[in-house]
Amino acid sequence: MKKSLVMLCLLLSMTDRASGNIIIENSWVRAAPPETKVMAAYMTIENHSLKAIEMDIKKIISKGFTKTELHKSSHNGMITMEKIETLSIKPNESLLLEPGGLHFMLINPETVPLKNTAVEMLIFFKNENETEVVRIEAEVRSQKL
Ligand SMILES: [Cu+2]
């Protein structure tokens with residue numbers, strides 16, 4: 001009961017929010033073969049508020065996937081991926097998730113989404129006592145537009 005109330009408040013605040021502090025643009029998911037177990041999502045996340053906003057990484061939902069993580073790729077002879085646990089975006093700054101760098105890792109698809117379809121994601125942010133949720137539809141493509 002308590003949980004469903006929280007969810008309801010969240011939904012209300014989502015629809016209530018005409019102009020949010022966070023704007024997400026150019027989101028896409030890299031197309032992958034049908035047997036793949038992980039997919040990467042990329043986007044630009046802009047903080048238009050006067051405060052630093054923290055991404056609430058553990059809450060992030062990608063519809064049709066078991067879980068979503070934030071990773072950072074790096075090249076030090078080998079290409080490796082590191083899981084990021086906390087991340088905040090400074091006032092009026094934007095964060096770029098792009099191939100070879102930061103990305104959302106969408107894990108365990110029910111069925112791998114096809115090219116030209118979209119993956120619905122709910123991306124959560126928080127600062128002090130506020131929560132902001134941004135819903136996006138990231139298009140599945142072979143490469144950045
Ligand atoms: Cu990854």
Side-chain angles (χ1 to χ4, degrees), residues 3-4 6-15 17 19-145:
K3 198 171 181 187
S4 61
V6 172
M7 203 53 212
L8 180 63
C9 295
L10 219 55
L11 288 171
L12 287 175
S13 65
M14 244 191 301
T15 49
R17 193 179 49 77
S19 63
N21 293 318
I22 298 283
I23 294 177
I24 297 183
E25 286 179 329
N26 303 321
S27 62
W28 63 289
V29 171
R30 192 197 288 281
E35 65 279 8
T36 196
K37 292 293 173 215
V38 292
M39 295 175 85
Y42 306 104
M43 61 199 69
T44 306
I45 303 174
E46 300 165 1
N47 178 3
H48 287 264
S49 76
L50 301 172
K51 291 177 186 168
I53 292 189
E54 194 185 333
M55 200 186 287
D56 204 346
I57 300 169
K58 287 200 174 72
K59 285 191 183 162
I60 296 174
I61 294 168
S62 307
K63 206 174 168 193
F65 292 80
T66 342
K67 65 173 176 175
T68 304
E69 294 179 353
L70 180 65
H71 288 181
K72 187 176 185 173
S73 300
S74 38
H75 310 246
N76 36 7
M78 272 169 47
I79 297 173
T80 54
M81 285 196 301
E82 173 198 358
K83 185 177 168 186
I84 307 287
E85 306 281 353
T86 58
L87 187 138
S88 88
I89 309 171
K90 293 194 185 96
N92 285 312
E93 282 205 353
S94 51
L95 182 73
L96 188 59
L97 281 70
E98 61 178 353
L102 278 174
H103 56 276
F104 286 119
M105 198 94 262
L106 318 189
I107 299 168
N108 270 328
E110 275 165 29
T111 49
V112 173
L114 299 172
K115 230 186 251 185
N116 301 318
T117 62
V119 177
E120 180 182 354
M121 295 181 72
L122 295 177
I123 304 180
F124 289 74
F125 300 89
K126 59 186 175 187
N127 68 35
E128 291 144 31
N129 41 23
E130 279 175 81
T131 296
E132 183 165 343
V133 190
V134 182
R135 178 185 169 278
I136 58 166
E137 290 192 3
E139 196 194 346
V140 181
R141 302 193 209 121
S142 330
Q143 58 191 4
K144 192 172 180 172
L145 277 188

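Note that this is a predicted model, so its numbers are computed, not measured. Counting starts at 1 for both ligands and their atoms, in listed order.
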If I take atom OG1 from residue T66 and atom CD1 from residue I61, how far apart are they, to the nearest 0.5 angstrom?
12.5 Å
Mutual orientation of the aromatic rings belonging to Y42 and W28 [parallel < 30°, tilted 30-60°, perpendicular > 60°]:
tilted
Set of side-chain hydrogen bond (donor to acceptor under 3.5 Å, both in side chains) partners for E120, sequence neighbours left out
R135
Is any side-chain heavy atom of N26 closer than 4.5 Å to a side-chain heavy atom of M43?
no
Tally of protein N/O/S atoms under 2.8 Å from the Cu ion (ligand 1)?
4
Scan L70, T68, V38 and name whichever one has a side chain to side chain contact (heavy atoms under 4.5 Å, CB included) with M105.
V38
Within a reach of under 6.0 Å around CD of E25, are more than 12 heavy atoms found that belong to other residues, nucleotides or ligands?
yes
